[in-house]
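These notes concern the structure reproduced below.
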Amino acid sequence: MTATTDENRTDLPMQPGTDAIFDITCKDVIMGRGSRSKNHCGNVTYRKLVDLNKELYATASKFDKLKICKAIVAASRHFGWRFLQTEASGESFDTGDKRAWEKTSQALREGI
């Protein structure tokens with residue numbers, strides 16, 4: 001039997017990144033407010049995905065709401081999406097799954 005290290009486990013949430021990201025693409029969701037994040041192609045696609053799940057989220061139990069958020073983030077990550085926060089220095093970093101779940105939960109609640 002081999003020992004399992006945390007870096008080999010796929011059931012652990014992705015931690016916030018420490019490497020700066022300079023190549024922001026349409027597979028990135030930019031955190032924050034304003035037209036930059038609102039109009040970014042990755043955010044537009046992300047909002048469409050969220051909109052498809054709003055009705056399900058609105059009728060779900062508290063436990064199932066968390067599962068829906070985690071499933072949306074996991075599906076996004078599976079297809080190479082990143083959730084980025086831009087610092088005052090202009091550098092962007094991946095927020096990790098916990099912050100992505102929070103953003104997804106907030107987006108699902110908006111407009112309900």
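Note that the structure is a prediction, hence the values are computed from the model and not measured.
Counted by atom type alone, Ser105 and Arg109 present one or more donor-acceptor pairs between their side chains at under 3.5 Å.
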Side chain to side chain contact (heavy atoms under 4.5 Å, CB included) for Lys38 and Arg47? Distances and angles first, verdict last.
CA-CA 9 Å; Lys38 182 177 181 182; Arg47 279 196 308 274; 4.2 Å; yes

Carefully, step by step, assess Thr59 and Asp64 under the rule side chain to side chain contact (heavy atoms under 4.5 Å, CB included).
CA-CA 9 Å; Thr59 60; Asp64 287 337; over 6 Å; no

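Note that the NE2 atom of His40 and the SG atom of Cys26 stand 5.5 Å from one another [nearest 0.5 Å]. To the nearest 0.5 Å, atom NZ of residue Lys70 and atom NZ of residue Lys98 are 10.5 Å apart. Remark: Asp94 CG to Arg99 CZ distance equals 12.0 Å, nearest 0.5 Å. Distance CE/Met31 to CD/Glu102: 8.5 Å, rounded to 0.5 Å.
With sequence neighbours excluded, the residues satisfying side chain to side chain donor-acceptor pair (under 3.5 Å) with Arg36 are Thr86. Under the salt bridge (Lys or Arg N to Asp or Glu O under 4.0 Å) criterion, Lys27 pairs with no residue at all, not counting sequence neighbours.
Linking Ile, Leu, Val, Met, Phe, Trp and Tyr residues whenever their side-chain heavy atoms come within less than 4.5 Å leaves Ile68 and Phe63 in two separate clusters. Clustering ILVMFWY residues whenever any of their side-chain heavy atoms sit less than 4.5 angstrom apart, transitively, puts Val73 in the very cluster that holds Phe79. Taking hydrophobic clusters as Ile, Leu, Val, Met, Phe, Trp and Tyr residues chained together by side-chain heavy-atom distances below 4.5 Å, Trp101 shares a cluster with Leu56.
Scanning all heavy atoms of the two residues, the minimum distance from Asp28 to Arg82 falls at OD1-NE, 2.6 Å. Pairing each heavy atom of Val29 with each of Lys103, the nearest pair is CG1-CE, 3.7 Å. Heavy atoms only, all atoms of each residue included: Leu49 and Asn53 are closest at O-ND2, 2.9 Å.
Between Lys54 and Asp51 a salt bridge is recorded (basic side-chain N to carboxylate O distance below 4.0 Å). Using a cutoff of 4.0 Å between basic side-chain nitrogens and carboxylate oxygens, Asp97 and Arg77 are scored as salt-bridged.
Between the side chain of Tyr46 and the backbone N or O of Cys41 there is no donor-acceptor pair closer than 3.5 Å. A donor-acceptor distance shorter than 3.5 angstrom exists from the side chain of Asn43 to the backbone of Ile30, with no hydrogens or angles considered.
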